[in-house]
Amino acid sequence: MVISSILTCSINELNLRYSLTNGQAFRWRSNPEKSKWTGVIGKLVFSLQQDDIGNLLYTVHNPDNLDIKDSDQILEDYFQLKTSLTELYKEWSEMDEVIAKVIPKYPGVRTLRIDPVENLFTFICSSNNNIGRITQMVNNLCIKFGSKLTTVDDVDYFSFPEIEILSGKNVANTLRELNFGYRAKYIQKAAEVLLKEGGSDWLFGLRKQEYSEAKSKLLKIPGVGPKVSDCICLMSLDKTESLPVDTHVFQLVSKYYIPKLRNKKVNINVGLYKEIGDHMRKTWGKHAGWAQTVMFTSDLKNFQTAEESDGKKVTKEDKTEEEDEPKIKKQKRS
DNA sequence: GGGCCACCTTTTTC
DNA sequence: AGAAAAAGGTGGC
């Protein structure tokens, strides 16, 4: 038993490939044509497609007693479809000529509304890391500590692990063996601290609080610094003004917005981090974080044309993103 | 209190 | 080909 439905949408409001593979969510898998995406939202396994005008055709593979109204609602919520991206693109274009040049080439790049628990542990994995490897780590995390939901096209899909399970004493060791590196102990300790604070309910509760308050509370969690905290605020806690400053954003900002930073070897300290965020909030307004998502996406090499990439080559890592086959650890030959 | 630097591992760059 | 730097940073000194 599956259920299927159509959600009214358009290609300017949503581009699945951009929005699902630009480093917000890490668990979507596409068919070779990149026309159909399968992944997990909560405990449900969805397949998503768009018709030629952009309407969202979807299937839920393990609906149990789910009503179509509910599944519609889940997708509207996940993609935040109530917010008009067309309207935002227009506003940003009027405010800033830099973004005005970029966004026509990147329609439909939406900021997602991801489960905060999943987002927290995923972005703890993201430090000093690349999208290809983060994807692999998160998938391993779910396979190891999540529970199997269903199988689609011979691929098993798993729920995101419960906090209680991730707090287990052996988790850090197991994750070390799975090549999580120094992030292994952060994950286990973050789960412990999170449980002490009040678990999932506490995290979801941050949606009702001010940006600054939510952000500083997240900083109590091991492995969560200013940047990861902002990612959780932006992609899970409805803080549209939250603006994660990473290496990409720093490059973009120094190149186009704050010339004094150009060509300088600066490491981002607390003051500079805030300066950059404030500057871009002034430039882009209340949804500055959403604008940042678009700019970040335009800066990813695997989305750029040869001309845009400006010398940057499309690399193996980018291809990894595009591949269907799970990456198998290379074995040494004798 | 702020500026360094180590941290795991893989990929990319030079 | 092989070393070095970078990859959506953070914590500790």
Side-chain angles (χ1 to χ4, degrees), chain A residues 18-19 21-26 109 111-112 114 119-141 172-190 193 215-216 218-236 242-254 264-277 280 289 292-304 309-323 326-332:
Chain A
Y18 288 155
S19 304
T21 66
N22 63 353
Q24 302 187 73
F26 294 85
V109 182
T111 297
L112 304 176
I114 299 165
N119 198 1
L120 168 68
F121 290 105
T122 297
F123 275 85
I124 287 175
C125 297
S126 76
S127 78
N128 238 319
N129 210 345
N130 56 67
I131 291 182
R133 185 176 167 212
I134 299 166
T135 303
Q136 198 183 347
M137 285 163 64
V138 173
N139 277 315
N140 284 336
L141 188 70
N173 291 332
T174 307
L175 292 178
R176 269 283 183 181
E177 287 165 16
L178 288 172
N179 294 336
F180 275 57
Y182 61 83
R183 303 161 197 85
K185 62 177 183 299
Y186 291 162
I187 290 178
Q188 194 259 323
K189 287 189 162 185
V193 171
K215 175 166 176 176
S216 61
L218 289 171
L219 293 176
K220 289 190 281 195
I221 300 169
V224 177
K227 189 267 173 183
V228 169
S229 180
D230 271 335
C231 285
I232 301 165
C233 282
L234 176 64
M235 301 169 206
S236 291
S242 172
L243 202 142
V245 179
D246 54 50
T247 51
H248 288 269
V249 174
F250 181 78
Q251 300 298 329
L252 279 167
V253 170
S254 55
K264 282 198 180 153
K265 191 87 185 155
V266 205
N267 29 356
I268 305 175
N269 56 32
V270 182
L272 183 56
Y273 189 100
K274 188 167 187 318
E275 184 185 342
I276 292 173
M280 298 325 297
Q292 183 264 18
T293 302
V294 183
M295 291 300 276
F296 176 82
T297 302
S298 77
D299 197 53
L300 290 176
K301 285 179 284 185
N302 50 326
F303 293 136
Q304 293 179 333
S309 63
D310 190 30
K312 294 182 216 169
K313 276 184 267 183
V314 173
T315 58
K316 198 142 130 219
E317 185 209 321
D318 303 319
K319 291 212 180 97
T320 303
E321 272 298 282
E322 318 252 297
E323 276 167 12
K327 228 166 45 171
I328 306 294
K329 194 169 171 161
K330 273 178 282 189
Q331 309 219 336
K332 278 200 179 136

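Order of the sequence lines sets the chain letters (A, B, ...), proteins ahead of strands, with each chain counted from 1. Atom set for the values below is all heavy atoms of this structure, side chains included, hydrogens, waters and symmetry mates excluded.
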**Q** Expressed as a whole number of angstroms, how long is the span from A:Phe250:CZ to C:dA7:P?
**A** 12 Å
**Q** Is A:Phe123 stacked on the base of C:dG8 when the test is centres under 5.5 angstrom and planes under 30 degrees?
**A** no
**Q** Taking atom CG of A:Asn269 and atom CD of A:Glu275, what is their separation to the nearest 0.5 Å?
**A**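 That separation rounds to 9.5 Å.
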**Q** For A:Glu177, report the nucleic acid contact type (base, sugar-phosphate, nothing); a contact means any heavy atom under 4.0 Å.
**A**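 Result for A:Glu177 = nothing.
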**Q** It should be established whether A:Asn128 places a side-chain nitrogen or oxygen under 4.0 Å from OP1 or OP2 of nucleotide B:dC8.
**A**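 So the side chain of A:Asn128 is outside the cut-off, no N or O lying under 4.0 Å from OP1 or OP2 of B:dC8.
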**Q** Is A:Arg176 reaching over with its side chain to a backbone N or O of A:Ala184, donor-acceptor style, under 3.5 angstrom?
**A** no
**Q** Which listed nucleotide (B:dT10, B:dC8, C:dG8) is nearest to the side chain of A:Gln292?
**A** C:dG8
**Q** Give the rounded distance in Å between these two atoms: CD1 of A:Ile131 and P of C:dG9.
**A**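 That distance rounds to 10 Å.
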**Q** With A:Lys227, which residues qualify under side-chain contact (heavy atoms from CB on, under 4.5 Å), at least two apart?
**A**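 Here the qualifying residues are A:Phe123, A:Ser126, A:Cys231, A:Pro244, A:Asp246, A:Tyr273.
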**Q** Can you name the side-chain contact (heavy atoms from CB on, under 4.5 Å) partners of A:Ala25, sequence neighbours left out?
**A** A:Trp28, A:Tyr78, A:Leu112, A:Ile114
**Q** Hey, what are the protein-to-nucleotides 3-5 of chain C N/O distances that come in under 3.5 Å?
**A**
none

**Q** Does a nitrogen or oxygen in the side chain of A:Arg176 sit under 4.0 Å from OP1 or OP2 of B:dC8?
**A** yes
**Q** Check every strand shown and say whether A:Gln24 touches a base, only sugar-phosphate, or nothing at a heavy-atom separation below 4.0 Å.
**A**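 Contact class for A:Gln24: base.
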**Q** Could you go through A:Met280 and A:Val245, starting from their C-alpha distance and side-chain angles, then the distance that decides it, and tell me whether this counts as side chain to side chain contact (heavy atoms under 4.5 Å, CB included)?
**A** CA-CA 10 Å; A:Met280 298 325 297; A:Val245 179; over 6 Å; no
**Q** Any chance you could measure A:Met295, atom CE, to A:Asp299, atom CG, to the nearest 0.5 Å?
**A**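 The CE atom of A:Met295 sits 8.0 Å away from the CG atom of A:Asp299.
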**Q** Can you tell me how far P of C:dG8 sits from CG of A:Leu120, to the nearest Å?
**A**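 Value for this atom pair: 19 Å.
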**Q** Without decimals, in angstroms, what is the distance between A:Leu300 CG and C:dA7 P?
**A**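 One finds 12 Å between P of C:dA7 and CG of A:Leu300, rounded.
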**Q** Could you check which residues of residues 268-277 of chain A get a heavy atom under 4.0 Å from DNA chain B? Sort them by number, please.
**A** A:Asn269
**Q** Can you tell which of B:dT12, B:dT9, C:dT10 lies closest to the side chain of A:Lys301?
**A** B:dT12
**Q** In dot-bracket, 5' to 3', how would DNA chain C read with Watson-Crick or G-U wobble pairs under 3.5 Å, [ ] for crossing ones and | for pairs to another strand?
**A** .||||||.|||||
**Q** Without swapping roles, check the side chain of A:Arg133 against the backbone of A:Asn130 for a donor-acceptor pair under 3.5 Å.
**A** no
**Q** Taking CZ from A:Arg183 and P from B:dA6, how many angstroms apart are they, rounded to a whole number?
**A** 17 Å
**Q** Rounding to an integer number of Å, can you tell me how far A:Asp299 CG sits from C:dA7 P?
**A** 10 Å
**Q** To the nearest 0.5 Å, what is the distance between CD1 on A:Ile131 and CG on A:Asn22?
**A**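 Interatomic distance, A:Ile131 CD1 to A:Asn22 CG, rounded to 0.5 Å: 7.5 Å.
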**Q** Hey, what do you get for CD (A:Gln292) to OG1 (A:Thr297), rounding to the nearest 0.5 Å?
**A** 8.5 Å
**Q** Whether the side chain of A:Ser229 engages the backbone of A:Lys215 through a donor-acceptor N/O pair (distance < 3.5 Å, no angle test) should be reported.
**A**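 Side chain of A:Ser229 to backbone of A:Lys215: a pair is present.
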**Q** In this structure, how many angstroms lie between the C1' atom of C:dG9 and the CZ atom of A:Phe180, rounded?
**A**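 So the two atoms are 17 Å apart, to the nearest Å.
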**Q** Do A:Ile187 and A:Cys125 pass the side chain to side chain contact (heavy atoms under 4.5 Å, CB included) test, and can you show the C-alpha distance, the side-chain angles, and the key distance before you say yes or no?
**A** CA-CA 8 Å; A:Ile187 290 178; A:Cys125 297; 3.7 Å; yes
**Q** Might you list the N or O atoms of the protein lying below 3.5 Å from N or O atoms in nucleotides 11-13 of chain C, with each pair's distance?
**A**
residue, atom, partner, partner atom, Å
C:dG11, OP1, A:Gly223, N, 2.7
C:dG11, OP1, A:Val224, N, 3.4

**Q** Please indicate whether A:Lys189 has more than 12 foreign heavy atoms, meaning atoms of other residues, nucleotides or ligands, lying under 6.0 Å from its NZ.
**A**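 Counting other residues, nucleotides and ligands, NZ of A:Lys189 stays at 12 neighbours or fewer.
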**Q** Can you tell me how far the CG atom of A:Leu272 sits from the OG atom of A:Ser254, to the nearest 0.5 Å?
**A** 9.5 Å
**Q** Rounded at 0.5 Å granularity, tell me how far CD1 in A:Ile124 sits from CG in A:Leu141.
**A** 10.0 Å
